[in-house]
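Working notes, structure below.
Chain letters run A, B, ... following the sequence lines, proteins first, then strands; residues in each count from 1.
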Amino acid sequence: MAKSKAPAAKAAAKDNGAAPKAAAQPAPNGDNKPIRNLYLVDGSGYLFRAYHALPPMNRPDGVPINAVFGFCRMLVADLLDKPEVDHIAMILDAGEVTFRNEIYDKYKANRPPPPEDLIPQFPLIREAARAFNVTVCELKGYEADDLIATYARMAVEAGATCTIVSSDKDLMQLVRPGVELMDPIKKTKLGPEAVMEKFGVTPDKVVDVQALAGDSTDNVPGVPGIGVKTAAQLINEYGDLETLLSRAGEIKQPKRREALQQNAELARISRKLVTLRDDVPTPADPDSFDKRKPDPNVLLPWLEQQGFKSLLARYTGELGEATAPVAPAAPAAKPTLPASEPKATPAAPRPKSNQPFTAADYELITDEKALDEWIAEATKAGTVAFDCETDALDAQNSGLVGVSLALLDGPWGNVNSTKRRAAYVPLGHRTPAGEAQGALDLTGDGGAKDAGSLLPGQIPLKNAIAKLKPLLEDPTVLKVGQNIKYDMCVFRQLGIEVSPVDDTMLLSFVLDAGKHNHGMDDLAKLYLGHDTIKFSDVAGSGAKQVSFDKVPIDKARDYAAEDADVTMQLWAQFKPRLAHEHMVGVYETIERPLIPVLLSMEQAGIKVDAPQLRKLSSEFEKRMLELEQELHKLAGRPFNVGSPKQLGEILFDEQKLPGGRRNKNGSWATDVSILEDLAAQGHALPVKIMEHRQIAKLKGTYTDALVRELDAKTGRVHTSYQMTGAATGRLASTDPNLQNIPVRTEEGRKIRQAFIAEAGHKLLSADYSQIELRLLAHVADIASLKEAFARGDDIHAITASEMFGVPVKGMDPLVRRRAKAINFGIIYGISAFGLANQLGIGQPEARDYIAKYFQRYPGIRDYMERTKDYARKNGFVKTPFGRKIHLKYINEKAQGMRAFAERAAINAPLQGGAADIIKKAMIKLPAALTSAKLKGRMLLQVHDELLFEVPDKEIDKTKEVARKVMEGAATLSVPLVVETGVGDNWAAAH
DNA sequence: TTCCATGCTTA
DNA sequence: GTAAGCATGGAAC
């Protein structure tokens, strides 16, 4: 089996972070700077947007001006002031009638007229562009969108990026690597993921969806009865519109099938209407769109006429007074380009690089000479993407089957001018089990991992490793991987320490946490518009699945080389964004250095007392059988005790117990809160069910699973940490999850007792005390809480005392408990509903408590409001250490979704900040222990706790080092406090 | 065989 | 009320 193409992100410039290539079309006069980033402003689209977003405003002479003002403000702040904007133009519609009216005369026929006070602003936006010396383009017979499409294509072909300043959904079809939309009001960049959200398909399929769904505002007919959702589903299923129409007969739903069959032609016409032309004659070369300084003689009088005082003051300071009186609307240095008689620029043929992923181009390296040449190229290039294929999912325990490599933009020049190369080095491919030996597989294990014999045409593993080692360890060559922790693990076992590295999965995570997942398949789809070959396509699925060493070499080449190829291309998109989006610090000081630390922890594993777990398991089993008998008796008939559905039917349909509540799909809910209510009424059955569930959980999820996960080689359990699993920056632990080992109940703690220290060692647990509340006190800057933490007081008691005006001394435990629940509630983005649930009180009472809390701590309410505002405006929140967490639904229309996003926004800086702190500590700890000459090692992380395995004699010293490093991991306006415990097992240490 | 809902464990 | 992973049953395929 190969590694999973692990988790999820967005895109821009190509090549390895260096400047993009110069424009393809030489400028007419040859003295313009090359285009790097072309910004195209959709003028009328913007005007509409600004008109509705801004309150009415008037010029001194009474002319309405709000949309123009919005335009100017945006133009200056988001485009003219931004150094990355080097070329810019505003595109306008030239007239009402376009070629689309020839296709369909009713096109845009029922557009309502624009609002009255917007009409006079249309000419003013032209004036504004001229005043700021921004080129205006328009073309008779075509829409602005067609010009935008054409210029976007030209920009990409010239190796530049193009940002379309518009949020018009019709332009979403243009999104691709190098082309993105920017919402001029929200200031958010809209990439492929936004398109996916809006249309449910990748940008290249938007027109197919629009053709089916139609558009009432533009009077695009579409197919009746089909909306965007259905259209997306159909297109995703059939691939494209034509295929769908030709196979419409296969559709099961009769209504849908008939609609498609009867309206096929309408759909085709619709597609023509919505497809933007990217080959229209261009009125000007994009090179002439270079950003220029405004002419003070034009700009200043115009600003004065509009009454834009702050802009006037600013530009007077910058450009000096106007030197000559000029009529306000005089043409600027570069006049608007004529709309008539455009010079014809036929569309250039698409370069080969726009047709990526032709597997035929991937090379297969079968001899050592070819491998030497590749390694030399990679060394010269300085950046290489690589990927391991192995015979098992578990990196700890798998054999290397092959390595793929990819390069970008190297000096070779022999591969179809694509400037991309990828190759696969097969090393351990074998014949299917037994075939060569003529033996039968009688082991009954499906042939997993049985030997087979090595196929010919492969470099001996040892030789390949010897050749790859210098490259992978070369400090001057950057190795790029997707989820590179996996590959580093594989190579570490072969004696190679891969360094230095970049990880596209982590890059995606620091850039776009919260927007989407960061697995390779998702990223390839999102950023490259490409469906990667699935593992199941080459290795089969289900019982027939084979491990990767049994995959034929040619199939393996296509699959594996693609992984490296995609990784390289993703890296080229992500890496330049890092600095641009201010994420270098988080990536380079928190995430990337954590990789080797986690790898060591995973490799260390933790010892478990397997006999003890087995004993527990059989005890649990015995008790479960007893309970089942009793339950069947109580129910009056046998039933599956583990089935919530059957249980619900017995409780509420047959026994007609009161207090039944239904789940959203109509079945009876049977969770603990329901069962507890019933138990409180004196019913026996629910009590037994609760006990059964607890034991079943412990047995199924813990005792049995942990024994199963025992590594035969080490006798220990090795978890896998997922660095991109939680958007807040927390780690996630899988296979097995060691971050949710029971601790609350006595029975549960028996599981924890089975986690033990090696002979001659103890387990040391060190956990941060109240770290999220401390962060809250810090970020919200609450003096009394900060003082309480500085004094080392009981924070929940202090909260209770300040809220209810009772002394801490002799406090009723119930009062403290309420304050504690509120403190936690605050961290989770409190609601009366949630607090009421937690405390078992009514919502009005809970509301009361919250009001009281905010009355005492108005600063916390301010912080919460500030955070929500910030999230609404930016689409993300930040931890105190700069980590961004995006909130997809923060501006969602639906109240429930939005409220959820708001609570997440409040929680994320605290939870994420705590994650940052413990990560910083973890990065420092290995070196701190080594330099103190201590042999203890870090085994596990559980969000605010670190667990170490320490030689008996080093306990005290290790405790102090751990405490010091953890408490010093960050300097806040409150102290960080770490509590420690030591024991032979985890329950005793915790 | 694959996917979803339910329920339960942790910080 | 935040953030996760996993087992199970049962429907969908």
### Query
Which nucleotide in the list B:dT6, C:dA3, B:dA11 gets nearest to the side chain of A:Gln911?
C:dA3
#### Entry: Check: A:Gln739 side chain, B:dT10 base, donor-acceptor under 3.5 Å
no
### Which atom of A:Gly829 lies closest to which atom of A:Ile906, heavy atoms considered
CA-CG2, 4.1 Å
### Task
Look at the rings of A:Phe876 and A:His886 and say which category their plane angle falls in: under 30° parallel, 30 to 60° tilted, over 60° perpendicular.
perpendicular
### Query
Atom NZ of A:Lys919 and atom C1' of C:dA3: how far apart are they, to the nearest Å?
13 Å
### Query
Could you give the CD-to-P distance, from A:Gln694 to B:dC8, as a whole number of Å?
11 Å
### Query
In terms of side-chain heavy atoms, does A:Thr728 have a donor or acceptor partner in A:Gln911 at a distance below 3.5 Å?
yes
### Task
State which residues pass salt bridge (charged side-chain N to carboxylate O under 4.0 Å, His left out) with A:Arg693; sequence neighbours excluded, sorted by chain then number.
none
### Query
Contact class for A:Ile826 (heavy atom, under 4.0 Å): base, sugar-phosphate, or nothing?
nothing
### Query
In terms of side-chain heavy atoms, does A:Ser733 have a donor or acceptor partner in A:Gln722 at a distance below 3.5 Å?
no
### Task
Scan A:Arg730 against the nucleic acid and name what it touches under 4.0 Å (heavy atoms): base, sugar-phosphate only, or nothing.
base
### Query
Looking for any heavy atom pair under 4.0 Å, which part of the strands does A:Ala899 touch: base, sugar-phosphate only, or nothing?
nothing
### Query
From C:dG1, B:dA11, C:dT2, pick the nucleotide closest to the side chain of A:Phe900?
C:dT2
### Query
Does any donor atom in the side chain of A:Arg818 or A:Tyr849 lie under 3.5 Å from an acceptor atom in the other side chain?
yes
### Task
Taking all non-hydrogen atoms of both residues into account, name the closest pair between A:Val597 and A:Ile923 and its distance.
CG2-CA, 4.1 Å
### Sugar-phosphate, base or nothing in reach of A:Ile830, heavy atoms under 4.0 Å
base
### Message
Can you pull out the residues from residues 743-750 of chain A that lie within a 4.0 Å heavy-atom distance of DNA chain B?
### Response
A:Val743, A:Arg744
### Message
Just by distance, no angles: are the side chains of A:Ser667 and A:Asn665 close enough, under 3.5 Å, to form a donor-acceptor pair?
### Response
yes
### Query
Base, sugar-phosphate, or nothing for A:Phe824, non-hydrogen atoms under 4.0 angstrom?
nothing
### Task
Let me know the distance between CE of A:Met690 and C1' of B:dT9, rounded to the nearest Å.
17 Å
### Message
Mind checking if A:Asp767 touches a base, just sugar-phosphate, or nothing, with heavy atoms under 4.0 Å?
### Response
nothing
### Base-contact (B) and sugar-phosphate-only (S) positions in nucleotides 6-12 of chain C, heavy-atom cut-off under 4.0 Å, - elsewhere
SS-SSS-
### Message
What I want to check is whether the side chains of A:Ser720 and A:Asp735 have a donor and an acceptor closer together than 3.5 Å.
### Response
no
### Message
Looking at B:dT1, I'd like to know if its phosphate oxygens (OP1 or OP2) sit under 4.0 Å from a side-chain N or O belonging to A:Lys544.
### Response
no
### Query
NA contact type, A:Ala821, heavy-atom cut-off 4.0 Å: base, sugar-phosphate, or nothing?
base
### Query
Which of the following nucleotides, B:dC8, B:dA11, B:dT10, is nearest to the side chain of A:Pro742?
B:dT10
### Message
Could you check, using the six-membered ring where one of them is a Trp, whether A:Tyr853 and A:Tyr857 have ring centers closer than 6.0 angstrom?
### Response
yes
### Message
Just to be sure I understand the rule, does A:Ala914 reach a base, reach only the sugar-phosphate, or reach nothing, if contact means heavy atoms closer than 4.0 Å?
### Response
nothing
